[in-house]
Asker: 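The structure's right below; bear with me while I get my questions together.
No experiment lies behind these values; they were computed from the predicted model shown. Here is the naming used below: chain letters follow the sequence lines, and residue numbers restart at 1 for every chain.
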Amino acid sequence: MNYLDTLNQPQLEAVKNTEGPTMVIAGAGSGKTRVLTFRIAYLMEQGVDPFNILALTFTNKAAKEMKSRIAKIVGDSEAKNISMGTFHSVFSRILRHHSDKLGYPSNFTIYDTQDSRSLLKAIIKDLKLDDKIYKSAMVGSRISSAKNNLISAAAYQSNTDIISEDRQSGRPRLFEIYKAYEKRCFLAGAMDFDDLLFKTNVLFRDHPEILHFYQHKFRYILVDEYQDTNYSQYILVKKLAAVFQNICVVGDDAQSIYSFRGANIQNILNFKNDYPDYKLYKLEQNYRSSKTIVSAANSVIAKNKNQIQKDVWTDNGEGSKIKVIRTLTDGEEGKTVVNHIYETKVNQQANNYDFAILYRTNAQSRAFEEHLRKINLPYKIYGGLSFYQRKEIKDLVAYYRLTANPTDEEALKRIINYPKRGIGKTSIEKVAVCANHYGVSLWDILSDSQQYPCDIPSGTRNKMNDFITMIESFKIELDKKDAYELGAHIARSSGILKNLYDDKSPEGVSRYQNIEALLTGLKEFVENETDKDNIYLNDFLMDVALLTDADDEKEEDKDKITLMTIHASKGLEFKYVYVVGLEENLFPSQMALNSRSELEEERRLFYVAVTRAEKECTLTYATSRFKWGNLTTAEPSRFIEEIDSKHLELSGTSYKGGGRSLNAVNSNHKIVGKNFNMPKRKLTKMSDLPNGVKNLNSAKLLDLKVGYNVKHARYGKGKVMALEGTPPTKATVFFPTHGNKQLLLKFAKLEVLN
DNA sequence: CTTGCAATGACTGAT
DNA sequence: TCATTGCAAG
């Protein structure tokens, strides 16, 4: 069957009308990704060269998936030539080609948020400003939003509105910080996330021939999640599309949830002004969710004033009502949701990957983790501290970064005394003062003491020289050894591996394992890249700053329950969705209660959350919750009341059996029910669990039945004779060599052989 | 310069 | 609650 036959009328038209400006307004679950994918495949079938296609997606993962789907239609070798990825990754690649035009090295470093904050702190200190008033996070977001609006440090300083804003907020010297930050980043050969877009704009502005080249290269441009683009991104797209105007933007104004990082919902609303002869397609049929869910979501989003008129509907079944569950504490919320998941899993024969727990803030994940661990349900947390943000990983990567780009100030500061080599704070401070004085990088001061004399005691000077020599010895290998060889060499020679190996604490062991994992990743990276003969460390560094956990999902992580923020869940779908922490001041967030527009964004966020669900959506809240260590009381979120009450489960069976009392909601949806009487069970603290228990084939353990053959690390093979508890927590296992043994499943690390 | 303990402030969201 | 920062003592 032709893939086009699977599309409905508006989808098909959106795919086949390939020429000229096009806007696709795609309601939640309306097959937006399919349209994008098929449109690209169709373009190629019409003879368009993949080199001429640019597709900007919201995550690297989305790009990867889309590419492989396109490859299935048009073939691998063709698909891989499409320029597809996030704004940041696509434009960082372009910048690497032309960085000399901006005075940057081609292997410039990408500073992540941590690096950027740390540099800001240093600058605030240098300028002798009060770090209580000039908080790095505050200053950082101010600079970020300036960049996203294409305002350079110089422009910032001469913008009277901005300057008076800063004066009024008591931070008149903010522009000085911005100036110093811009300069220090440049000296370090580093760009932050916003620079990747900002500098590309500068490149296109100052070098028309380069812009011209890309305007003609990218004859067909597609932008996903257009509602979440900021001004900087908007201008980039507009410039690139100016010649051929074959621009197709896809989005949903109702799902615009990133205004905090500069996204401008007006971009989608103004498309018609930018391209008056544009074609508009509306995808309104939802294929994802039940009627109840679609209708409930619609009833909520209708409360927003500012939106493009559309009518999302579905042919799917009615589905079950949306459950609202009240609990007394956040801990109980965790337990209730996890038990609910367990029962649904058993009753509906569902997979782990069918479930998602969505929350407003990362800090909420804890209670759920704790209970999921307790009954051995495998889960995966997205967001929060990603693998690449862990200290030990950042340390090793800092060695790589410094090797590739010695002027990288943040990398240098991070590792010059790690592992300890006797170069302390005061010495580094001295070097920093010198660097400022000469207007060069820290590395220049360290490596050229003749040209940049700096009063440092000879003992310390020697240690510094040793460090410099070491980094330089790595540098020589940059294009001799491949990424894995050099990476492993650095890990060994720097002393990091030994340092962590000697640390026998549980944290130390896990750090060592993480380093090993990074090296394994490097190896895979080298082996998977088949296009080139050799993969060097630079290739790896190129986008390591842009990688997130979601981007390299491991095979063993596939069948796990998903825990993530609602922001991170955009574009995903799950059979069973739990939206938790529905409390005033949490969701909607306290910070969003000041203005209508902020509250509307929270509401869109809630809309996104509910529309992730296919079959069932459950809303929970706790009447009290720990915040910063003390208990605070909470009111249910206004969003619960905003759902048309006919879709809510007012009372009844959200639980089966156990004779527990059920939550009840009266017709005014004031929640009057009692909390559950939870089965009493000794609680095990997370810290009590042995290392590595978390992921240990717990999926299989759940389904353990009497008669199964299992394997125990010490006793060998055995047979399950009896089980206790639902879910099973304890098992009696007969081992031919040791007889009957009572085992706690949590600890026994049984391997299921059936 | 390093170590260990007390004080402190952070919880929106993320490429 | 937890992780980072500041300070005093070795």
Side-chain angles (χ1 to χ4, degrees), chain A residues 56-63 85-92 110-114 116-118 121 125 131-132 135-138 140-141 144 147-148 191-198 225 228-230 232-233 256-263 330-331 358-367 382-386 388-389 391 417-429 457 459-460 463 507 543-551 564-570 581 585-593 598 601-602 604-605 608-609 625-632 686-687:
Chain A
L56 296 162
T57 59
F58 198 68
T59 61
N60 289 312
K61 190 184 171 200
T86 61
F87 274 87
H88 290 86
S89 76
V90 167
F91 291 116
S92 74
I110 299 172
Y111 276 175
D112 65 16
T113 312
Q114 267 182 55
S116 149
R117 291 292 141 79
S118 144
K121 276 183 194 164
K125 212 170 174 186
D131 62 1
K132 297 263 153 44
K135 293 195 178 179
S136 65
M138 196 275 149
S141 76
S144 169
K147 283 185 182 170
N148 286 330
M191 298 198 196
D192 64 21
F193 288 136
D194 304 315
D195 280 332
L196 298 176
L197 310 174
F198 181 86
E225 308 283 8
D228 281 324
T229 52
N230 61 35
S232 183
Q233 293 166 322
S256 165
I257 55 176
Y258 278 98
S259 74
F260 70 92
R261 68 177 202 209
D330 46 355
L358 306 179
Y359 34 75
R360 180 63 181 80
T361 67
N362 280 308
Q364 287 165 255
S365 68
R366 177 162 236 111
Y382 292 83
L385 198 61
S386 88
Y388 296 99
Q389 291 173 325
K391 187 190 172 303
N417 199 31
Y418 176 79
K420 298 250 170 339
R421 41 176 79 85
I423 306 173
K425 251 195 316 203
T426 32
S427 311
I428 299 165
E429 197 47 45
T460 314
K463 290 172 191 157
E507 296 81 17
D543 41 25
V544 71
L546 301 175
L547 285 179
T548 60
D549 278 357
D551 293 334
M564 56 169 55
T565 62
I566 301 163
H567 281 92
S569 76
K570 192 167 69 153
N585 297 328
L586 179 63
F587 192 17
S589 156
Q590 191 163 19
M591 333 278 277
L593 299 178
E598 283 177 297
E601 177 148 319
E602 293 287 305
R604 291 193 294 269
L605 192 57
V608 168
R625 175 179 297 278
F626 274 99
K627 262 182 191 166
W628 302 307
N630 41 25
L631 207 60
T632 54
M686 270 206 296
S687 52

Asker: If I take atom NE2 in residue A:H567 and atom P in nucleotide B:dC11, what distance separates them, rounded to the nearest angstrom?
Answerer: 16 Å
Asker: Name the one of A:T86, A:I110, A:V90 that satisfies side chain to side chain contact (heavy atoms under 4.5 Å, CB included) with A:L196?
Answerer: A:I110
Asker: State whether A:D131 and A:K125 are salt-bridged, where the test is any N-O pair (Lys NZ or Arg NE/NH1/NH2 against Asp/Glu carboxylate O) under 4.0 Å.
Answerer: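 Judged by the 4.0 Å cut-off on N to carboxylate O distance, A:D131 and A:K125 do not form a salt bridge.
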Asker: Whole angstroms only, please: what is the CG-C1' distance between A:D228 and B:dA14?
Answerer: 11 Å
Asker: Would you say whether A:F260 stacks on B:dG13? The test is a distance between ring centres of less than 5.5 Å and an angle between planes of less than 30°.
Answerer: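 It does: the ring sits over the base of B:dG13.
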Asker: Any heavy-atom pair between the side chains of A:D112 and A:Y388 that's under 4.5 Å?
Answerer: no
Asker: Within 45° of the axis and under 6.0 Å from the centre of the six-membered ring of A:Y258, does NZ or CZ of A:K570 qualify?
Answerer: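 Here A:K570 fails the 6.0 Å and 45° test against A:Y258.
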Asker: Determine: side-chain N/O of A:S589 to OP1/OP2 of B:dC11, distance under 4.0 Å, yes or no.
Answerer: no
Asker: Could you state the CH2-P distance from A:W628 to C:dA3, rounded to the nearest angstrom?
Answerer: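 Rounded to the whole Å, the gap is 17 Å.
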Asker: Does B:dA14 have OP1 or OP2 under 4.0 Å away from a side-chain N or O of A:N362?
Answerer: yes
Asker: For A:K135 and B:dA10, is the shortest distance between a side-chain N/O and OP1 or OP2 below 4.0 Å?
Answerer: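 A:K135 to B:dA10 OP1/OP2: side-chain N or O found under 4.0 Å.
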Asker: Ignoring backbone atoms, establish whether A:T59 has a side-chain N or O less than 4.0 Å from OP1 or OP2 of B:dT15.
Answerer: no
Asker: Using nucleotides 7-10 of chain C, report all nitrogen or oxygen pairs with the protein that are shorter than 3.5 Å.
Answerer:
none

Asker: What's the NZ-C1' distance between A:K121 and C:dT5, to the nearest Å?
Answerer: 9 Å
Asker: Side chains of A:L605 and A:H567: does their closest heavy-atom pair fall under 4.5 Å?
Answerer: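 Yes; the side chains approach each other to less than 4.5 Å.
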Asker: May I ask you to verify if any side-chain N or O of A:N148 is less than 4.0 angstrom from the OP1 or OP2 atom of B:dT15?
Answerer: no
